[in-house]
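Take a look at the structure below.
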Amino acid sequence: MITSTAELAAFLRTRRERLDPRDFGLPVRRQSRRTPGLRREEVAELAGISVDYVVRLEQARGLRPSADVVEALAGALRLAPDERAYLFGLTRQRPGDTGKPATTAEPSLARLVDDLSPRPAMLLNHRYDVLAWNAGMARLFLDFGTLPPSRRNAIWICLMHPHMRALYVDRDRVVRDGVAHLRTAWAAHPDDQVLNDLIADCLAGDEEFARLWSTQDVKVNARGHKQLDHPDVGLVDVEFETLRPVQDPDQLLVVHRAADEVSRSALAALL
């Protein structure tokens with residue numbers, strides 16, 4: 001039977017053995033290194049933990065390292081992002097943020113957004129900044145290109161933009177869900193200063209946001225339904241689906257489609 005403890009031991013051992021001591025400025029003498037890669041004591045020193053702890057981990061002796069220890073081991077072993085995520089999964093720990101949030105659309109995802117036309121689609125990051133959108137999105141909701149980049153945020157637009165304030169029939173629910181989504185995103189990225197600044201800006205500038213933020217509601221709603229009162233075609237019911245690309249998990253692809261025949265005809269006329 002495969003166990004996470006045994007797999008953790010094997011993974012740490014194989015990652016250690018593949019490392020070249022010369023990459024760490026360590027001497028390589030054949031007579032002194034009977035096994036490939038780094039020694040356990042060298043990994044322990046690089047990670048800032050005891051040699052005995054490394055030995056027990058590699059011998060599958062039932063340890064569950066803390067998130068800090070896992071992070072230290074990932075750095076010492078020079079793990080790639082996928083390997084780091086796997087190590088955190090094996091130890092049932094939650095990884096911290098790595099790298100900077102996406103501020104521009106991955107080119108292949110931006111092309112996909114365009115290819116989805118005429119279905120309205122957009123690409124967001126974890127802050128709900130709008131990174132890319134297609135013509136259908138601009139016609140149905142808003143042409144985000146008319147806004148300065150600092151204001152291309154789906155939550156801010158829903159709260160503050162006059163056109164969007166009038167667009168949603170059930171605006172109270174949409175805003176409530178949006179604030180709950182933003183709180184969930186903040187919990188996953190509490191050190192993101194831009195996200196913190198956005199929340200502070202909304203708290204100071206919108207009483208509705210401040211009231212909803214204080215309820216402590218959290219939500220991740222990847223699909224749903226919205227009714228729009230569009231100035232050109234009237235009532236339109238749309239369904240949306242949110243997809244997270246495996247290769248770019250900080251980016252979210254949101255695709256809209258008509259929820260019924262009447263709305264399908266309205267969208268066809270609009271788009």
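Small disclaimer: the values here were computed from a predicted structure and weren't measured.
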Quick one: do [X] and [Y] make a salt bridge, cutoff under 4.0 Å?
X	Y	answer
E83	R18	yes
E239	K226	no
E58	R13	no

Note to self: Are more than 12 heavy atoms, taken from residues, nucleotides or ligands other than Q93, located less than 6.0 Å from that residue's CD atom?
What the structure shows: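 Correct, the count exceeds 12.
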Note to self: Could you check whether atom CZ of R257 has more than 12 heavy atoms from other residues, nucleotides or ligands sitting under 6.0 Å from it?
What the structure shows: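 Counting neighbours around CZ of R257, 12 or fewer heavy atoms of other residues, nucleotides or ligands fall under 6.0 Å, so no.
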Margin query: Just checking F141 against H256, ring centres under 6.0 Å apart?
Written below: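 Centroid separation for F141 and H256: below 6.0 Å.
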Where is the tightest heavy-atom contact between [X] and [Y], given as atom of each residue plus distance?
X	Y	answer
S117	A135	OG-N, 4.3 Å
G37	P21	O-CG, 3.6 Å
Q59	R61	OE1-NH1, 2.9 Å
L116	A121	CD1-CB, 3.9 Å
I155	G178	CD1-O, 3.5 Å
A105	A110	CB-CB, 4.0 Å

For the backbone of [Y] and the side chain of [X], can you confirm whether one donor and one acceptor N or O come within less than 3.5 Å of each other?
X	Y	result
R244	P249	yes
S214	R211	yes
D248	D250	no
T184	K219	yes
R119	V255	no
R16	L38	yes
T14	A10	yes
R165	L159	yes
Q251	E106	yes
N125	Y128	yes

Next item on the list: Start with the C-alpha distance between L90 and E7, add both sets of side-chain angles, then the distance that settles side chain to side chain contact (heavy atoms under 4.5 Å, CB included), and finish with yes or no.
Entry: CA-CA 8 Å; L90 280 176; E7 290 301 305; 4.0 Å; yes
Tell me whether [X] shares a hydrophobic cluster with [Y], the cluster being built from Ile, Leu, Val, Met, Phe, Trp, Tyr side chains joined at under 4.5 Å.
X	Y	result
L46	V55	no
V51	L57	no
L253	L124	no
V179	V130	yes
F240	L109	no

Are any non-hydrogen side-chain atoms of [X] and [Y] less than 4.5 angstrom apart?
X	Y	answer
L87	L12	yes
N221	H181	yes
L252	L243	no
E45	F24	no
R40	V43	no
L142	L147	yes
P65	Y53	yes
S263	V238	no

Show which side-chain atoms of residues 264-271 pair as donor or acceptor with protein atoms under 3.5 Å away, not counting sequence neighbours.
unit_1 : atom_1 : unit_2 : atom_2 : d
R264   : NH1    : E261   : OE1    : 3.3
R264   : NH1    : E261   : OE2    : 2.6
S265   : OG     : E261   : O      : 3.2

Any luck finding a side-chain donor-acceptor pair between [X] and [Y] under 3.5 Å?
X	Y	answer
T146	D143	no
W186	D192	no
N134	D114	no
D237	Q227	yes

Check: Between R176 and D172, does a salt bridge (Lys or Arg N to Asp or Glu O under 4.0 Å) hold up when you go through it step by step?
Finding: CA-CA 6 Å; R176 184 172 62 250; D172 289 345; over 6 Å; no
Inter-residue atom distance [X].[atom1] - [Y].[atom2], 0.5 Å rounding:
X	Y	atom1	atom2	value
F11	T91	CZ	OG1	10.5 Å
D197	S150	CG	OG	12.0 Å
L131	T103	CG	OG1	7.5 Å
R78	L73	CZ	CG	14.5 Å
L8	T3	CG	OG1	9.5 Å
D129	L123	CG	CG	11.0 Å

Next item on the list: Tell me whether the guanidinium CZ or amine NZ of R173 lies under 6.0 angstrom from the six-membered ring centre of Y168 and within 45° of its axis.
Entry: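 Pair R173/Y168 does not count as cation-pi.
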Give every donor-acceptor pair under 3.5 Å between a side-chain atom in residues 198-207 and any protein atom, sequence neighbours left out.
unit_1 : atom_1 : unit_2 : atom_2 : d
D201   : OD2    : R151   : NH1    : 3.1
D206   : OD2    : E208   : N      : 3.2
D206   : OD2    : F209   : N      : 2.7

Margin query: Set out, in order, the CA-CA distance, both residues' side-chain angles and the distance that settles side chain to side chain contact (heavy atoms under 4.5 Å, CB included) for V54 and I49, then state yes or no.
Written below: CA-CA 8 Å; V54 174; I49 59 179; 3.6 Å; yes
Margin query: The test is side chain to side chain contact (heavy atoms under 4.5 Å, CB included); show your working for R92 and S4 and say whether it passes.
Written below: CA-CA 9 Å; R92 301 180 185 179; S4 59; 4.2 Å; yes
Note to self: Could you walk me through whether H230 and L167 satisfy the side chain to side chain contact (heavy atoms under 4.5 Å, CB included) test, starting with their C-alpha distance in whole Å, then the side-chain angles of each, then the deciding distance to 0.1 Å, before giving a yes or no?
What the structure shows: CA-CA 6 Å; H230 197 278; L167 184 64; 4.3 Å; yes
